[in-house]
Amino acid sequence: MNAVRRVLLALAAPVLAVVISAVVATIVLLASGDDVNAFWSTMFTWPENRNVVNIVNYASALYLSGIAAAIGFRMNLFNIGVEGQYRISAFAAAAFAGANILPGYLNTAVTVVVAMVVGALYAGIAALLKVYRGVSEVISTIMLNAIAGSIVGYFISKIGVQTGVSTATKTIQESSWVGDVPILPDAPGIYGLSLLAVVVGIAYSVLLNRTTFGFDLRSTGMSESAAVASGVSVKKMVISAMLISGAVAGLIGMPVLFGQAHNYGTSFQVGIGFAGIAVALLGRNHPVGIALGALIFAYLAEQGNLLNILAGVSPDIVAVTQGVIVLAVVIAYELVRRYRVVAEQREVAEQVEAHTEPEGATA
Amino acid sequence: VKGMSLRGRNLWLIGILGGFVLLSLIRVITGADDMDSSGTMRAALVASIPIAMAGLGGLWSERAGVVNIGLEGMMILGTLGAGYFGYHGGWLAGIVGGIVLGALGGVLHAVATVVVGVDHIVSGVAINIMALGISGFLAEAMFTGLPGGGPTQSPELPNPPAVNLSFIADPAKTLEDKGWFLLSDVGSLVGALTRNLSLVTIFCLLLFVVTAVVLWRTSFGLRLRSCGESPGAAESLGVNVYRFKFVAVVISGAFAGLGGAFLAMVASPGFQQGQTGSRGYIGLAAMIFGNWRPGGLLVGSGLFGYTNAMQLRSGGTSLHALLLGIAVVLIVVMLLQLRGRKLRAGVASGVVAALALLWFLSTDRVPREFTTMAPYVITLLVLAFASQQLRMPAADGLPYRKGTVG
């Protein structure tokens, strides 16, 4: 297969998925009697600078979340629990940082480590249950998500302080805050710790493609029996993949914690962990693909906020679009994959035929 | 084989009866009367049915070899269908609407997993995300401006008719009020089953009987289960595996949708956004707990439904009393493990039992957040203890393409 066709095929699935979801969104809007033109013009309005900043901030959180999910997905380990790991670690980090035991940026650095450790430990519960008790990680992580919500709620009511209408952890001292990084004029900068997403993306890429661990991870995902035969301990792989995944999930809340919120309260954003799964599926667990997926989702969410005001359409239509994209993209990937297999088989058959033809003529 | 299943059935029966006696004993000791009052029992039944229906959906699908993590999404579609059709067409239309919308979700999952061959979990997760978005958007479009309705909830829906056998329920109530050991508990159980029992509840329980008969006593059921155990062998015997899997997944969605409709119309006054509260997943856990069998699934759903109901009815004190029960059960587990010379497992159960007992003795009630998470913790514990003895269908969750097996 030549290079152009290869690229076209790789792009076919996501493009097809976006087109399908656009069609579905239009049909849904027509059916509910909404203003379709206003919807599309709002969605395609170029965002103002401060909206671009919001998009980048949200995309970087989604990216971290997507990478956390993707690490498991690469070895067929479905860590649905990114959400729970994110919430419990963000809370623990906020509580630790808010205690202000350490000075300045030392507090920041140690807190980031605390968040990673808590996320990893919480994910580790599911890993241990899978390895030693044979409990499917899909079920256990879903249960752990629900449990995380209760635990966080309990501790906020125990140690939280009342600020206005909501209860939250103690505010972090100002010397530990991380300043914004300006990217556009006339707008606030992006959260400093959003750059963690870049670091994690590079680390993910190196880990998968340049280390033995990454090779073992991918081979376990492709064929567990082959990996076992070549000496990979699946138990160890499950535990370490889950721990890394949870540690990355622990990072999701850090940019906003040190950049804007400065404490963990009832208004701390939820749902990023679930969205990360969708983003990972969209990006096919590829570091660049996940980045594109995160940007698309963040763009849709930010523009969706304008829908109510500018077009009189419920922002929930964005969630419909996102869901359709994910389902359409996994179906499209499978179809493209099958088409590719058939095309390769045909190509090989043609080559074999071309080589054997003279012999066949003499026979 | 027959002896085995008989022993298994006896074990279930002994377990249920033992649990009931234990419950009664704890009630008498602690005086937490609401633990198994007929009100709590009724609440437990109402809480169990949606979980049981999601689990039954999972059972159909997984018996045919398709993992259905999308049950939660199909259930959400069911609540939405019940809200829309129930408001406009009466209770029967609501139930049917829930079933149909759930089945549509099943069709989506079937197309993705059976026809196209997408990974089952990936497709299920995608369906859950999509269903959440669709219900949010359509609910706002459908219910805003209706009397009592709003962007996140439907108007009050008509109640399906309920059966009242007061000639049994009234004496049962008298018995319950006496507070006698065991007899009063039987009274409250009978009372819960004879007063205000919704027709939909009866229908759902009947579906369990139908499932058991169809899947284990008909050739259709044998073929369907063969697709989940060994699709290659089924194919070689001329079974159209795709068709069986497709049908099973659509039925699975229909049952989840019925569970959603029950939630919206029987368990609560109407549709509410986020009403399912991961009951679809708990149903799946109940199915695993029940070893992919209807009877076990029913017991599992009852267990989850009961803990769920406790948090609504003086949960703090009831759950506190239940700590004593947990300690007793774990001590029994410890003795069994020690008799089987499993020292480590025995000691572990003993330590947890001691902790539960200590917790029981040192406090008066359990914090609200702990009652909320109790069902999930119990699910995890049960799976951690039981999963060794469980056997799922051999080809469950594996991709199947016609002509590529064997």
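Numbered from 1 within each chain, the chains take letters A, B, ... in sequence-line order.
Residues B/Met130 and A/Val326 fail the side-chain proximity criterion, which asks for heavy atoms closer than 4.5 Å. Counting only heavy atoms from C-beta outward, the side chains of A/Ile139 and B/Leu383 approach each other to under 4.5 Å. Using a 4.5 Å cut-off on side-chain heavy atoms (C-beta onward), B/Val116 and A/Tyr333 make no contact. For the pair B/Ile282 and A/Met143, the minimum side-chain heavy-atom distance is below 4.5 Å. Looking only at side-chain heavy atoms (C-beta outward), A/Asn76 and B/Ile121 stay at 4.5 Å or farther from each other. Using a 4.5 Å heavy-atom cutoff, the side chains of B/Tyr376 and A/Ile142 are not in contact. At least one side-chain heavy atom of B/Phe137 sits less than 4.5 Å from a side-chain heavy atom of A/Asp34.
At a 4.5 Å heavy-atom cutoff, B/Leu132 makes no contact with chain A through either its backbone or its side chain. For A/Arg338, the part sitting under 4.5 Å from any heavy atom of chain B is the side chain, from C-beta outward, and nothing else. In this structure, no portion of A/Ser136 lies under 4.5 Å from any heavy atom of chain B. For chain A, the nearby part of B/Ile69 is the side chain; its heavy atoms alone come within less than 4.5 Å. Contacts between A/Tyr154 and chain B at a heavy-atom distance below 4.5 Å involve backbone atoms as well as side-chain atoms. Both the backbone and the side chain of A/Ser140 come within less than 4.5 Å of a heavy atom of chain B. With a threshold of 4.5 angstrom between heavy atoms, B/Asn128 does not approach chain A through any atom at all. In this structure, chain B has a heavy atom under 4.5 Å from the side chain of A/Val138, while its backbone stays farther away. When heavy atoms are compared at a cutoff of 4.5 Å, B/Val377 approaches chain A by way of both its backbone and its side chain. In this structure, chain B has a heavy atom under 4.5 Å from the side chain of A/Val313, while its backbone stays farther away. Proximity to chain A (any heavy atom under 4.5 Å) is restricted, for B/Val115, to the backbone atoms N, CA, C and O. For a residue to count as touching a neighbouring chain, one of its non-hydrogen atoms must lie under 4.5 Å from one of that chain's; by this rule A/Leu281 touches chain B with the side chain only. Interface residue A/Tyr132: only backbone heavy atoms are found under 4.5 Å from chain B. Looking at B/Ala141, the atoms closer than 4.5 Å to chain A (heavy atoms on both sides) all sit in the side chain, from C-beta outward.
Separating the CD1 atom in B/Ile129 from the CD1 atom in A/Ile277 is a distance of 6.5 Å, to the nearest 0.5 Å. In this structure, the separation between CD on B/Glu140 and CG on A/Asp316 is 6.0 Å, given to the nearest 0.5 Å. The CZ atom of A/Arg133 sits 11.0 Å away from the CG atom of B/Leu381 when rounded to the nearest 0.5 Å. Here the OG-CD1 distance, from B/Ser123 to A/Ile331, works out to 6.5 Å after rounding to the nearest 0.5 Å.
The environment of B/Tyr84 atom OH is sparse: at most 12 non-hydrogen atoms of other residues, nucleotides or ligands sit within 6.0 angstrom. No more than 12 heavy atoms of other residues, nucleotides or ligands lie within 6.0 Å of CG in B/Leu343, so this atom counts as exposed by the packing criterion. The number of heavy atoms from other shown groups lying within 6.0 Å of CD (B/Gln272) is above 12. The local environment of CZ in A/Phe155 is sparse, with at most 12 non-hydrogen atoms from other residues, nucleotides or ligands closer than 6.0 Å.
Chain B forms more heavy-atom pairs under 4.5 Å with one residue of A/Ser150, A/Ala31, A/Ala319 than with any other, namely A/Ser150. Counting heavy-atom pairs closer than 4.5 Å to chain A, the top residue among B/Ile127, B/Asp119, B/Val125, B/Leu138 is B/Asp119. Highest contact tally toward chain B, considering only A/Ile151, A/Val320, A/Leu335, A/Ile125, is held by A/Val320 [criterion: heavy-atom pairs under 4.5 Å].
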Please evaluate residues A/Val28 and B/Ile134 with respect to the criterion side chain to side chain contact (heavy atoms under 4.5 Å, CB included), reporting the C-alpha separation (whole Å), side-chain torsions for both, the decisive distance (0.1 Å), and the verdict.
CA-CA 9 Å; A/Val28 170; B/Ile134 287 176; over 6 Å; no
